[in-house]
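Data first, discussion second: the structure below is written as structure tokens.
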Amino acid sequence: MASKSNGRRGSLVVQLVGDNIEQRATVKVALQALGDPPLDIIEDETKGHAPENGAEHPDVKMVIFDGSEDASLDYLQQQGAQSPRPVLFALVNGRSAVMIKRVLRAGADELLFLPLDAGEATRALLKISEARWKAERREGGVVVSFASLVGGVGVTSLAGNLGLALQSELNKRVALIDLDLQTGGLAVFLNLEPEVTIMPLIRLERKLDSIQLESALTKHPSGMYLLAAPKRIEEGELVSDTTVATVIDLMRQLFDFVIVDCGDHIDENAVAAWERTEHLFYVLDQTVSAARCAWRFIDLFERMGLTTLEPRYLLNRHMPAHPLGEKQIETTLARAIYARIPCDDKVMERTELTAEDLFQVAPHSPLARSMVELAHRITHGNEAAAAHESGLMSRLFSAFSARS
């Protein structure tokens with residue numbers, strides 16, 4: 001399939017099937033005007049057997065009912081038996097209940113009425129694009145991202161400790177990516193002095209292979225790996241979202257879990273990571289400023305339209321007796337707290353002074369147990385893998401309701 005040069009979602013390949021050249025042209029113009037999702041449109045005037053023209057298998061076949069209904073229905077049935085099977089759209093004139101039943105029974109996945117309504121067409125195609133992208137993202141390892149809009153809440157320590165829990169306690173292959181490019185805190189937290197960083201990879205982008213990637217990683221004594229932030233602050237400006245996308249796509253093929261520290265600011269690099277993320281954790285603590293920033297994040301995220309991703313909220317350094325309690329924060333955000341990570345300053349101080357990690361210093365501490373529990377939840381309780389909804393019948397009911 002065709003892919004966009006920025007490393008994000010590829011275009012959907014849509015094949016228009018219909019005998020009427022003018023009607024195909026009208027539909028093509030309407031689809032080209034949608035803009036999102038990006039489409040590669042090809043045409044086929046025959047409604048016989050699937051054409052063998054050497055082209056790629058389309059993601060979507062749109063069968064235009066332009067007068068030869070029986071031929072169109074037969075074509076739908078033929079295509080439904082193909083392997084691989086494309087998503088089948090039926091484009092029909094009028095809203096005859098009899099024709100709608102025949103189209104559905106013939107195997108159409110989606111039904112659109114002519115002339116095309118831009119909103120309905122966009123919604124149907126975006127659903128296919130998002131479903132395909134979601135399936136592609138789930139090939140290979142799981143990506144977990146940590147983010148916040150306020151500094152000092154423990155984004156880096158949570159990313160590092162979750163990696164340690166997955167690697168040391170659950171025996172998973174883990175890699176960490178430090179996208180807090182100016183601070184570079186993951187190397188400090190893990191007591192590493194990387195000789196190499198992400199910088200050699202920025203010139204490779206699409207040419208990147210596993211050998212080049214592995215040469216840029218630094219191994220931690222626990223067995224997990226770190227792709228470190230640049231050594232110089234100004235070099236962080238050279239890291240693009242294309243590099244981030246390419247690196248994550250490759251790393252998930254090599255590791256069970258890829259954990260991304262996005263730091264305390266949002267940019268194109270963070271969004272590229274989120275687009276490839278199964279679990280996005282927003283971190284806050286029991287302060288008014290953290291709660292306010294969380295509200296700003298919620299507002300921004302809802303406007304970004306990442307419909308396949310639902311952020312989870314982690315309450316770090318949790319103190320049950322704190323005046324700003326968990327329930328108050330949940331009420332303020334209108335969001336549930338996914339997990340509470342207890343405050344344990346003494347243990348964290350010991351890890352810094354001894355240059356050892358959490359599971360060496362205090363493997364049975366409440367802090368370590370909470371990280372292991374979080375690791376188990378994301379390993380065995382992937383709530384994001386819910387079945388998708390077709391939405392077809394609800395649209396049909398709406399269509400008939402509009403007539404009555």
Side-chain angles (χ1 to χ4, degrees), residues 143-166 174-202 213 216-220 224-248 251-252 255 257-277 279-285 287 289-290 293-294 296-297 300-301 304 309 311-314 316-317 341 348 351-352 357-358 371 374:
V143 180
V144 183
S145 294
F146 288 85
S148 187
L149 286 181
V150 59
V153 295
V155 171
T156 297
S157 62
L158 284 176
N161 281 334
L162 178 62
L164 290 167
L166 289 164
V174 178
L176 297 102
I177 303 175
D178 194 346
L179 288 188
D180 195 355
L181 299 173
Q182 291 193 349
T183 303
L186 266 177
V188 176
F189 178 80
L190 295 172
N191 296 299
L192 294 174
E193 295 183 5
E195 295 183 4
V196 290
T197 70
I198 195 174
M199 291 306 295
L201 307 183
I202 66 173
L213 174 61
L217 299 177
T218 300
K219 189 173 183 179
H220 186 264
M224 64 183 183
Y225 289 83
L226 169 66
L227 182 60
K231 294 182 179 181
R232 297 185 177 91
I233 291 178
E234 65 273 16
E235 290 178 335
E237 299 296 325
L238 303 176
V239 180
S240 70
D241 57 338
T242 303
T243 299
V244 171
T246 305
V247 165
I248 293 177
M251 288 183 79
R252 71 184 314 147
F255 297 93
F257 285 88
V258 179
I259 299 176
V260 186
D261 178 357
C262 297
D264 59 5
H265 63 281
I266 296 174
D267 56 16
E268 291 183 349
N269 293 338
V271 174
W274 296 354
E275 288 186 316
R276 289 155 175 79
T277 292
H279 299 276
L280 171 58
F281 291 124
Y282 184 89
V283 183
L284 67 159
D285 59 13
T287 61
S289 61
C293 286
R296 291 171 62 84
F297 169 80
L300 172 64
F301 194 87
M304 290 175 64
L309 182 63
R312 308 294 185 185
Y313 298 88
L314 295 186
N316 195 28
R317 298 170 185 159
I341 311 301
M348 293 301 293
T351 63
E352 292 183 13
D357 66 57
L358 172 63
M371 297 309 305
L374 180 59

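Note that these values count all heavy atoms, side chains included, but never hydrogens, waters or copies made by symmetry. Count residues from 1 along the sequence.
Side-chain N or O atoms of Asp264 include none that pairs as donor or acceptor with a backbone N or O of Leu149 at under 3.5 Å. Judged by distance alone, the side chain of Asn269 and the main-chain N or O of Val239 form a donor-acceptor pair under 3.5 Å. Proximity of a side-chain donor or acceptor of Asp178 to a complementary backbone N or O of Gly185 within less than 3.5 Å is detected. Without hydrogens or angle criteria, Asn316 side chain to Val283 main chain gives no donor-acceptor distance under 3.5 Å. Side chain of Arg276 to backbone of Arg252: no donor-acceptor contact under 3.5 angstrom is found.
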*What do the steps show when you test Asp180 against His265 for side-chain contact (heavy atoms from CB on, under 4.5 Å), and what is the final call?*
CA-CA 8 Å; Asp180 195 355; His265 63 281; 4.0 Å; yes
*Begin from the C-alpha positions of Val247 and Leu213 and carry the test side-chain contact (heavy atoms from CB on, under 4.5 Å) through to its verdict.*
CA-CA 8 Å; Val247 165; Leu213 174 61; 4.3 Å; yes
*Please assess Asp241 against Val271 for the test side-chain contact (heavy atoms from CB on, under 4.5 Å), listing each intermediate value before the final yes or no.*
CA-CA 8 Å; Asp241 57 338; Val271 174; over 6 Å; no
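Between Leu309 atom CG and Ser145 atom OG the span is 8.0 Å, to the nearest 0.5 Å. The line from CZ of Phe146 to CZ of Arg312 is 13.5 Å long, rounded to the nearest 0.5 Å. Interatomic distance, OG of Ser157 versus CG of Leu164, reported as 11.0 Å (0.5 Å rounding). The structure places CG of Leu186 at 5.5 Å from CG of Leu176, a figure rounded to the nearest 0.5 Å. Rounding to the nearest 0.5 angstrom, the gap separating the OG1 atom in Thr277 from the CD1 atom in Ile259 is 11.0 Å.
Listed here is the closest heavy atom pair of Ala159 and Asp261: CB-CB, 4.3 Å. Between Leu201 and Leu227 the shortest heavy-atom distance is CD1-CD1, 4.0 Å.
By the 4.5 Å heavy-atom criterion applied to side chains, Asn161 and Phe189 are counted as neighbours. You'll find the side chain of Leu374 reaches within 4.5 Å of the side chain of Leu314, heavy atoms only. The shortest side-chain heavy-atom distance between Thr218 and Glu195 does not fall under the 4.5 Å cut-off. Side chains of Met251 and Leu217 form a contact here, defined as non-hydrogen atoms less than 4.5 Å apart. The side-chain heavy atoms of Ile266 and Trp274, taken from C-beta on, include a pair separated by under 4.5 Å. For the pair Leu226 and His220, the minimum side-chain heavy-atom distance is 4.5 Å or more. A heavy-atom distance below 4.5 Å is found between the side chains of Pro230 and Leu181. Between Leu158 and Met371 there is a side-chain heavy-atom pair separated by less than 4.5 Å.
Residue pairs satisfying the salt bridge (Lys or Arg N to Asp or Glu O under 4.0 Å) criterion with at least one member in residues 225-234, sequence neighbours excluded, are listed as follows: Arg232-Glu235. The ring pair (Phe, Tyr, Trp, His ring centres under 6.0 Å) analysis of residues 226-245, with sequence neighbours excluded, yields no pairs.
Within a 6.0 Å sphere centred on OH of Tyr282, other residues, nucleotides and ligands contribute more than 12 heavy atoms.
When the side chain to side chain contact (heavy atoms under 4.5 Å, CB included) test is applied to Leu238, the partners found at least two apart in sequence or on another chain are Met199, Ile202. Evaluation of the side-chain hydrogen bond (donor to acceptor under 3.5 Å, both in side chains) rule for Asp357 yields no partner, not counting sequence neighbours. Qualifying ring-ring contact (aromatic ring centres under 6.0 Å, His included) partners for Phe257, counting only residues two or more places apart in sequence or in other chains: none. Qualifying side-chain hydrogen bond (donor to acceptor under 3.5 Å, both in side chains) partners for Thr197, counting only residues two or more places apart in sequence or in other chains: none.
Note on ring orientation: taking the six-membered ring where Trp is involved, the planes of Tyr313 and Phe297 are perpendicular (angle over 60°, cut-offs 30° and 60°).
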